[in-house]
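Every number for a ligand or one of its atoms is a count from 1 in the order of the listing. Hydrogens, waters and symmetry mates play no part in the numbers below; they use all other heavy atoms, side chains included.
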Amino acid sequence: MVSHTKLKALYLCFNEKFGNHITVSGIKRILTQHGFGKGNLKVSSLKQALDALNLEANAAIDYEAFCQIFAKEDLTFYEKLCKGALVVPRFKVFTQDIEAIYHQLKTVTKGAVASYIPELKHVEKDAFSISVCTVDGQSFQIGDNKRFCMQSMIKPVLYALALEEKGLKHVHKHVGREPSGHGFNELTLNAEGLPHNPMINAGAIMSCSMIQAKKTPAARFKCIVDALERLSASDKITFNNAVYNSEKDTADRNYALGYFMREHQAFPKGTDLQRTLNLYFQACSIELNVEILANIAASFAGGGRNPITNTQVFLPETVKNCLSLMYSCGMYDYSGEWAFSIGLPAKSGVSGGIYIVIPGVLGMAIYSPRLDKLGNSYRGIEVCKALVEAYSVHNFDSILRCAGKLDLSV
Ligand code: GLU
């Protein structure tokens with residue numbers, strides 16, 4: 001049901017903004033300024049409606065045409081846009097800062113690509129891209145936007161799916177929530193004989209055991225891809241079969257972890273270990289790019305609501321639990337230092353991707369496959385350090401307001 005009062009108010013707002021001369025080019029300009037440029041799906045229906053008017057770019061849009069364009073749109077969102085009240089109001093300035101960080105780091109070639117999964121070493125070593133998506137759907141992307149496998153970056157999603165299906169109590173009968181203090185694939189369990197947390201290999205294998213356990217392997221894999229599609233509003237999520245086979249053929253450690261957990265009766269009753277491991281390997285071989293990953297991170301930032309489609313993909317409670325563990329355990333053996341100095345929930349993967357979540361504000365994804373000694377993307381970490389140095393986004397920065405850092409919300 002269209003609210004004419006709201007439409008009228010929006011028309012007045014745009015009129016004021018454009019000095020009583022609303023035009024197609026004017027509307028497109030403010031869309032671009034605020035992060036709704038080419039390819040941004042959030043505003044695609046509005047852009048189509050604008051083009052369908054067949055007006056000269058600078059011809060005035062009257063009230064009737066205005067209603068035609070906006071009638072089916074989310075008026076509250078466009079009112080925020082018009083008033084400059086989106087979550088990152090000075091989006092252009094922010095993305096210029098990200099662009100500067102990108103250029104500063106572009107020539108850095110420190111670190112080495114992962115090779116313990118043989119296929120991973122065939123990537124383009126110096127690929128580099130960054131993408132941002134806010135909880136209002138404002139987006140930005142720089143770099144080559146190469147595709148890469150999710151690897152460990154899928155772990156928060158596996159945990160979220162297990163939580164949604166089985167509930168917190170059941171899930172944590174099978175996996176702990178403490179940092180392990182050991183490597184991500186260390187052959188170790190906690191004092192209860194369970195994996196330490198869902199962000200390390202053993203814990204993610206455990207999450208897989210709880211995802212649609214009674215369904216076929218195809219249905220279980222589809223359930224993971226569906227979740228990613230709903231979190232990202234993308235239909236461009238693919239699967240790298242070469243990486244999958246390469247990992248499966250060399251996965252002695254993950255097999256060992258699986259058997260070790262089975263020996264300790266850590267799995268839910270009836271778990272098919274081989275199928276569970278296959279599902280884990282498949283999930284790690286799902287491929288995307290930073291643009292898609294930033295959208296996923298933005299859905300986490302929005303408490304499980306996709307900023308583009310407005311659909312609630314995961315419960316806020318699920319996301320809160322997920323973010324808590326990403327905060328304490330998401331960055332391998334750098335997690336403590338990360339929580340201390342960056343202060344944001346994040347997850348990285350050996351393929352060289354990292355995504356970070358600024359709750360209530362935005363998600364950011366970085367891809368640069370050269371890894372540091374702890375297995376995190378070298379340039380990825382540097383991007384985050386630069387971000388936190390410039391902007392007051394560390395979880396506890398709020399207690400030192402006005403300490404010379406920029407504020408994303410003004
Ligand atoms: N599939 C990888 C493994 O299990 C994930 C490693 C990672 O990204 O941390 O070894």
(request) Using distance alone, with no hydrogens and no angle criterion, decide if Glu291 and Asn145 have a side-chain donor and acceptor under 3.5 Å apart. (result) yes

(message) I need the contact type for Asn254 against ligand 1. Using non-hydrogen atoms and a strict under-4.0 Å cut-off, is it side chain, backbone, both or neither?
(response) side chain

(message) Under 4.0 Å, heavy-atom basis, I'd like to know which part of Glu247 is in contact with ligand 1: side chain, backbone, both or neither.
(response) side chain

(request) Run the numbers for me: atoms of ligand 1, each under 4.0 Å from some heavy atom of Cys284, listed by number. (result) 1 (N)

(message) Please list the nearest protein heavy atom to atom 4 (O) of ligand 1 with its residue and the distance rounded to 0.1 Å.
(response) Tyr280 OH, 2.7 Å

(message) Side chains of Asn254 and Asn201 only: does a donor on one sit below 3.5 Å from an acceptor on the other?
(response) yes

(request) Using a strict cut-off of 4.0 Å, indicate which atoms of ligand 1 neighbour a heavy atom of Gly349. (result) 8 (O)

(message) Tell me the protein heavy atom at minimum distance from atom 10 (O) of ligand 1, and give that distance in Å.
(response) Tyr116 OH, 2.6 Å

(message) Ring centres under 6.0 Å, that's the criterion: do Phe239 and Phe221 meet it?
(response) yes

(request) Measure centre to centre between the rings of His172 and Tyr159, then say whether the value is under 6.0 Å. (result) yes

(message) Could you check whether Phe281 and Tyr255 have their ring centres less than 6.0 Å apart?
(response) yes

(message) Which residue and atom name correspond to the protein heavy atom nearest atom 7 (C) of ligand 1, and how close is it?
(response) Ser152 OG, 2.7 Å

(message) Tell me whether Asn201 reaches ligand 1 (any heavy atom closer than 4.0 angstrom to a ligand atom).
(response) yes

(request) Give the residue and atom name of whichever protein heavy atom lies nearest to atom 5 (C) of ligand 1, and the separation in Å to one decimal. (result) Gln151 OE1, 3.2 Å

(request) Below 4.0 angstrom from a heavy atom of Tyr332, which ligand 1 atoms are there? Numbered from 1 as shown, please. (result) 7 (C), 8 (O), 9 (O)

(message) Here's one to test your reading of the geometry: is the NZ or CZ of Arg379 within 45 degrees of the ring axis of Phe128 and under 6.0 Å from its centre?
(response) yes

(message) List ligand 1 atoms under 4.0 Å from Phe184, heavy atoms only on the residue side.
(response) 6 (C), 9 (O), 10 (O)

(request) Cation-pi check, Lys47 to Phe36: give yes when NZ or CZ is under 6.0 Å from the six-membered ring centre and within 45° of the ring axis, no otherwise. (result) no

(request) Kindly confirm or rule out a cation-pi arrangement of Lys42 over Phe77, judged by NZ or CZ under 6.0 Å from the six-membered ring centre and within 45° of its axis? (result) yes

